[in-house]
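Here's the structure we're looking at; comments come further down.
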Amino acid sequence: MRIMKRSSNINRRARGCVIIVAVMLWALNAVAAAPPKDSCIACHSTLPGQYGQPAKLFSADIHHQVGLSCADCHGGDRNDDSMNAMSPSKGFRGAPTKAQIPEFCGRCHSDPSYMRKFNPGLRTDQVSEYLTSVHGKRLKQGDSKVAVCVDCHSVHNIRAPSDPRAPVYPTNVAETCARCHADANYMKGYRIPTNQYALYKKSVHAAVLAGGDTSAPTCSTCHGNHGATPPGVSSVANVCGTCHAMNEQLFEKSPHGAAFAKMGLPGCVQCHSNHEIVKPADSWVGTDPKSLCLTCHVKGDNGYAAAQAIGGGLDKLKAAYHDADAVLDTAERSGMEVSSARVELSSAHSDLIKARVAVHSFNAADVLKITNQGVDTSHKAYEAGIAALHERNYRRKGLAIALIAIVIAISGLYFKIRQMERST
Ligand code: HEC
Ligand code: HEC
Ligand code: HEC
Ligand code: HEC
Ligand code: HEC
Ligand code: HEC
Ligand code: HEC
Ligand code: HEC
Ligand code: HEC
């Protein structure tokens, strides 16, 4: 009996426990389902002007999207509906001054163990890199006109750099930098030009980028996203070489590689400029007045001789290519089949492109090896075109003879019929 009673007690207690646990789970679930209380957004979205703006912008902000809110950056108590939510005793740290902003953002962005919980792939060196830049160094010296994090990323509507609406998205970066760097009034007092944006907009790079090809560089590609120091004289060629690897290799091995370094000339930039990099022309090599070579070399030196030979080689290849192209065009228009000669000629076009890269060896023999090969190929294509035209002429002659024979036959028939008509 006693044993039975005890077991029913146990049963009753177990049932009680189950109910309590169920009620607790229900309560927990209800709490989890309801959005967390956010008095900061609730109150600020009712405020006018600069105090209301942050709450209105915030839904587009990456920090909002990963579940962070005002208090995660500014501190304070989001469960308190009163102005007390912003009491320093509740950890409120207010809005940072300009000089405080890098450390304000760095509290999270320089903390790998915190950032890993959200995105293990994200770098955490933005602040340390920033402090090495001209912007960061000058900020430390009390210059508040330089760029800090929010000047490039905006604030309260910060977007991931992969978002095309972000001010740091590749096609928007130049405008972002230009807000200061192209404003002569703002940059007054600094001894640097304010034409970088205007020059860059005229470059091949800007045109390629505007066309949607993000493999072309914008300001931050060359200057670094956070370490915004201009590449020094010795590393300028390396910046270009990250994308134009062949040009760099040839240049480094060329007589100019060592000579430019010794004289302190800035590699690629010496001939191509840094911001207004335009499409090069063949007239840049050679002895034409537009030739770059003649800015340093004079008649009689080896550089002049090389320029003359390279320029001559390129001209010869272009002329041979042009002749062959014209003959094949004529043959195609008269319905002749010359597709294999076309394929052959396209390899001469590749040789022309290769020769323009090979110019960077500044070695006439190396360039002429490529241009001569292209000239030979062009000549073969030209011969094939001429043969096709001969064939066309031969066929035309055959056709003419056949036509004359047909005309004679028809008129013979005609007279024969007339004769028969008359005789009846
Ligand atoms: C009851 C309304 C109310 C609540 C709740 C509230 N704020 Fe404010 N907040 C204000 C007003 C009004 C101001 C304007 C300046 C002032 O009077 O202190 C302000 C100013 C600020 C400022 C600017 C301070 C400065 O130094 O310029 C920040 C940052 C801020 N609030 C963040 C927060 C955060 C974060 C929360 C939540 C933890 C929060 N606020 C909750 C009303 C509120
Ligand atoms: C990612 C961090 C971050 C988050 C999240 C954030 N802020 Fe800010 N907030 C800043 C920074 C940085 C400044 C200083 C901006 C400046 O000086 O240009 C600032 C400035 C402010 C100011 C002062 C504006 C002024 O013009 O004086 C207010 C008010 C403010 N924030 C409110 C809010 C509110 C409300 C939220 C939530 C809706 C919020 N912030 C979310 C970083 C943040
Ligand atoms: C409370 C911690 C915290 C603070 C303070 C903070 N951030 Fe963030 N930030 C994050 C987290 C978390 C992410 C989301 C990372 C992810 O998921 O990619 C993020 C994302 C970003 C991203 C997008 C990165 C990407 O590629 O996805 C940028 C840009 C950014 N923050 C800039 C700033 C700036 C500028 C400040 C200072 C005004 C700042 N953050 C302050 C925590 C913070
Ligand atoms: C001079 C402009 C500029 C300043 C100042 C700047 N950033 Fe950036 N930031 C960029 C650009 C440009 C990118 C990269 C965009 C891309 O990847 O295409 C970037 C990327 C980021 C990212 C994404 C991860 C990464 O490193 O690529 C984070 C996070 C970030 N910045 C945070 C910060 C913080 C924090 C500060 C202040 C210490 C800051 N940025 C200052 C321009 C700037
Ligand atoms: C908020 C304004 C502002 C923005 C935005 C800004 N900068 Fe600057 N930057 C400055 C100021 C001011 C200096 C200091 C000028 C000096 O060094 O004499 C400077 C200096 C520099 C320098 C060093 C120049 C030198 O030789 O002394 C470089 C390089 C630079 N910025 C690149 C950039 C790039 C790239 C961007 C965009 C990704 C950018 N800046 C965005 C204000 C800005
Ligand atoms: C293709 C690479 C490249 C691009 C793109 C580029 N720069 Fe530069 N920039 C350079 C080089 C190289 C220098 C010269 C460095 C030296 O003299 O040591 C330079 C110099 C500068 C300077 C120092 C002052 C001056 O004019 O000499 C500033 C400021 C600057 N650039 C800003 C910008 C801005 C803003 C953009 C975008 C509109 C930009 N750069 C785009 C490579 C680039
Ligand atoms: C981020 C990669 C990148 C960097 C860095 C870069 N470029 Fe370019 N460059 C490109 C792309 C992409 C094009 C357009 C495609 C092409 O014509 O090769 C281009 C085009 C050019 C052209 C025109 C080529 C033509 O035939 O029209 C020249 C010249 C040039 N770049 C020189 C430079 C110099 C000099 C530097 C360094 C100051 C530099 N580039 C840095 C990617 C880059
Ligand atoms: C001594 C002057 C000089 C220097 C230094 C120089 N280039 Fe050139 N570059 C030229 C000339 C001349 C052409 C035009 C060739 C042609 O079109 O016939 C050219 C053409 C180009 C082209 C377009 C042809 C191609 O390769 O697709 C690119 C890209 C280029 N250079 C990149 C660079 C890079 C990167 C560097 C540095 C590693 C550099 N150049 C250094 C003179 C120079
Ligand atoms: C910025 C000035 C400058 C420009 C532009 C320039 N060179 Fe040079 N070149 C030099 C210097 C400096 C040397 C090394 C000293 C010397 O041998 O004269 C050199 C050496 C040479 C040499 C080796 C000379 C020898 O004696 O072995 C050749 C070949 C050459 N350059 C060809 C060219 C060609 C071709 C161009 C045009 C595409 C050109 N250079 C443009 C400055 C320049």
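Both counts, for ligands and for their atoms, begin at 1 and track the order of listing.
Among all protein heavy atoms, the one lying closest to atom 3 (C) of ligand 2 is Cys73 SG, 2.8 Å. Closest protein heavy atom to atom 22 (C) of ligand 3: Ile62 CG2, 3.9 Å. Atom 1 (C) of ligand 3 has its closest protein heavy atom at Cys108 SG, 2.7 Å. When only non-hydrogen protein atoms are considered, atom 21 (C) of ligand 3 lies nearest to His109 CE1, 3.5 Å. Of all protein heavy atoms, the one lying nearest to atom 27 (O) of ligand 3 is Ala160 CB, 3.8 Å. In this structure, the protein non-hydrogen atom closest to atom 13 (C) of ligand 3 is Met115 CE, 3.9 Å. Scanning the protein heavy atoms around atom 34 (C) of ligand 3, the nearest turns out to be Cys105 SG, 3.5 Å. For atom 12 (C) of ligand 2, the closest non-hydrogen atom of the protein is Pro96 CG, 3.6 Å. Protein heavy atom closest to atom 26 (O) of ligand 3, with residue, atom name and distance, is Pro161 CD, 3.3 Å. In terms of protein heavy-atom proximity, atom 29 (C) of ligand 3 is nearest to His153 ND1, 3.5 Å. From the protein, the heavy atom lying nearest to atom 35 (C) of ligand 2 is His44 CG, 3.5 Å. What sits closest to atom 37 (C) of ligand 2 on the protein, heavy atoms only, is Cys70 SG, 1.9 Å.
Checking Ser334 against Arg392 by side-chain atom types alone, a donor-acceptor pair falls below 3.5 Å. Side-chain polar atoms of Asn157 and Ser154 form a donor-acceptor pair below 3.5 angstrom. No side-chain N or O of Asp80 forms a donor-acceptor pair with one of Ser39 less than 3.5 Å apart.
In this structure, Tyr321 and Ala348 approach most closely via the heavy-atom pair CD1-CB, 4.2 Å. The two residues Gly106 and Val127 make their nearest non-hydrogen contact at CA-CG2, 3.6 Å. The minimum heavy-atom distance linking Arg107 with Cys73 is given by the pair NH2-O, 3.6 Å. The heavy-atom pair separating His181 from Gln196 by the smallest distance is O-OE1, 3.7 Å.
The closest approach between a heavy atom of Gly241 and any atom of ligand 8 is not below 4.0 Å. Ligand 8 has Glu248 within reach: a non-hydrogen atom of the residue lies less than 4.0 Å from it. Heavy atoms of Val155 approach ligand 2 to within less than 4.0 angstrom. Contact annotation: Ile158 has at least one heavy atom less than 4.0 Å from an atom of ligand 3.
Residue Phe58 has at least one heavy-atom neighbour below 4.0 Å for each of these atoms of ligand 2: 5 (C), 38 (C). For ligand 2, the atoms sitting less than 4.0 Å from at least one non-hydrogen atom of Tyr51 are 29 (C), numbered in the order shown with element in parentheses. Remark: ligand 3 atoms within the under-4.0 Å shell around heavy atoms of Phe104 are 5 (C).
Comment: Lys145 does not engage Asp143 in a salt bridge, judged by the lack of any side-chain N to carboxylate O separation of less than 4.0 angstrom. One finds a salt bridge joining Lys37 and Asp81 here, because a Lys/Arg side-chain nitrogen approaches an Asp/Glu carboxylate oxygen to under 4.0 Å. Between Asp61 and Arg159, none of the side-chain N atoms (NZ, or NE/NH1/NH2) sits under 4.0 Å from a carboxylate O, so this pair counts as no salt bridge. In this structure, Glu175 pairs ionically with Lys201, as a charged nitrogen and a carboxylate oxygen lie closer than 4.0 Å.
Residue His156: an N/O/S atom is found under 2.8 Å from atom 8 (Fe) of ligand 2. Residue contact annotation: Cys268 places no N/O/S atom under 2.8 Å from atom 8 (Fe) of ligand 8. Among the backbone and side-chain atoms of His74, an N/O/S atom is found under 2.8 Å from atom 8 (Fe) of ligand 2. Taking 2.8 Å as the threshold, His63 counts as a candidate ligand of atom 8 (Fe) of ligand 3, since one of its N, O or S atoms lies below it.
At a 3.5 angstrom cut-off on N or O pairs, Asn119 counts as close to ligand 3. Distances between N or O atoms of Gln50 and those of ligand 2 include at least one value under 3.5 Å.
No donor-acceptor pair closer than 3.5 Å links the side chain of Lys290 to the backbone N or O of Val285. Listed for the His360 side chain is a donor-acceptor partner under 3.5 Å among the backbone atoms of Val357. Between the side chain of Tyr200 and the main chain of Asn195, no donor-acceptor pair closer than 3.5 Å is present.
At a 4.0 Å heavy-atom cut-off, ligand 8 touches His360 through the side chain alone. Under 4.0 Å from ligand 2, not a single heavy atom of His64 appears. Counting heavy atoms closer than 4.0 Å to ligand 8, residue Ala355 contributes nothing at all.
Counting only non-hydrogen atoms, the option in Lys354, Met246, His272 that gets closest to atom 31 (N) of ligand 8 is His272.
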